[in-house]
Amino acid sequence: MPFKRHKIFKSGVHNPAKGKKVWPVDDVKDLLTKTKEHSPELIPYTFRHPKNNLPVFGFARRDEIEGHDDDGEFVLTAQPSEFALPWIDGLKQLGTDMVSIGIGKLGEIVHIGFTDSPSVDGLGAAFEA
């Protein structure tokens, strides 16, 4: 695959627009379990957080979402696939190449949204320059 695995979520203090929230390690591990059980096989990459998960720029395979311990935090990573290559430069130019996940009613990841203001600091850009 031409893309590197990248961080999409982690435990710790998040700074969403609605106020700070703490995600304990066990809750992020539970999010990973619920994603494996309830997310679609192909989790779409979208622009920001649309309720209909559109437009779709590419996908991450549900079974390739992984979690690991990283300096006391639990980090989820994705492996992009089937991605529309021309969109990468556009997202970078707009400064919207950082990611923020959408979580569904069952506690699963429903999309990975490209944004300029993710709720989780320190994840970095989805694609390298």
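Along the sequence shown, residues carry numbers from 1.
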Could you state whether [X] and [Y] fall into the same hydrophobic cluster, counting links through intermediate Ile, Leu, Val, Met, Phe, Trp or Tyr residues with side-chain heavy atoms under 4.5 angstrom apart?
{"X": "Leu31", "Y": "Ile43", "result": "yes"}
{"X": "Val99", "Y": "Val120", "result": "yes"}
{"X": "Phe83", "Y": "Phe59", "result": "no"}
{"X": "Phe3", "Y": "Val75", "result": "no"}
{"X": "Ile112", "Y": "Val56", "result": "no"}

Contact between [X] and [Y] at the side-chain level, heavy atoms closer than 4.5 Å - yes or no?
{"X": "Asn53", "Y": "Val110", "answer": "yes"}
{"X": "Asp71", "Y": "Glu73", "answer": "no"}
{"X": "Trp23", "Y": "Phe9", "answer": "yes"}
{"X": "Lys10", "Y": "Leu76", "answer": "no"}

Kindly say whether [Y] contributes a backbone atom to a donor-acceptor pair with the side chain of [X] at under 3.5 angstrom?
{"X": "Thr96", "Y": "Lys92", "result": "no"}
{"X": "Ser119", "Y": "His14", "result": "no"}
{"X": "Thr115", "Y": "Ser100", "result": "no"}
{"X": "Glu37", "Y": "Thr35", "result": "no"}

Legend entry - CD1-CD distance between Ile65 and Glu108, expressed to the nearest 0.5 angstrom: 12.5 Å

Legend entry - Interatomic spacing from CD in Glu66 to CD in Gln79 - rounded to 0.5 Å: 8.5 Å

Among residues at least two apart in sequence or on other chains, which ones pass side-chain hydrogen bond (donor to acceptor under 3.5 Å, both in side chains) with [X]?
{"X": "Asp63", "value": "none"}
{"X": "Thr77", "value": "Arg5"}
{"X": "Asp30", "value": "Lys34"}
{"X": "Asp116", "value": "Arg48"}

Please give me the minimum heavy-atom distance between [X] and [Y], naming the atom from each residue.
{"X": "Ser11", "Y": "Val25", "result": "OG-CG2, 3.6 Å"}
{"X": "Arg61", "Y": "Ser81", "result": "CG-OG, 4.0 Å"}
{"X": "Ala78", "Y": "Ala60", "result": "CB-CB, 4.1 Å"}
{"X": "Thr46", "Y": "Leu54", "result": "CG2-N, 4.3 Å"}

Inset, instruction - Check the angle between the aromatic planes of Phe47 and Phe57 and answer parallel, tilted or perpendicular using the 30° and 60° thresholds. - result: perpendicular

Legend entry - Set of residues satisfying salt bridge (Lys or Arg N to Asp or Glu O under 4.0 Å) with respect to Asp70, sequence neighbours excluded: Lys7

Inset, instruction - May I have the step-by-step check of side-chain contact (heavy atoms from CB on, under 4.5 Å) for Phe74 and Leu32, ending in yes or no? - result: CA-CA 10 Å; Phe74 192 73; Leu32 178 60; 4.3 Å; yes

Inset, instruction - Compute the ring centroids of Tyr45 and Phe114, then answer whether they are less than 6.0 Å apart. - result: yes

Inset, instruction - Return the set of residues passing ring-ring contact (aromatic ring centres under 6.0 Å, His included) with His49 (not counting sequence neighbours), or none when no residue passes. - result: His111

Legend entry - Full working for side-chain contact (heavy atoms from CB on, under 4.5 Å) between Val22 and Asp27: CA-CA 10 Å; Val22 176; Asp27 288 0; over 6 Å; no

Inset, instruction - Could you check Glu41 against Arg62 for salt bridge (Lys or Arg N to Asp or Glu O under 4.0 Å), going step by step and ending with a plain yes or no? - result: CA-CA 5 Å; Glu41 182 180 338; Arg62 171 190 62 215; 5.1 Å; no

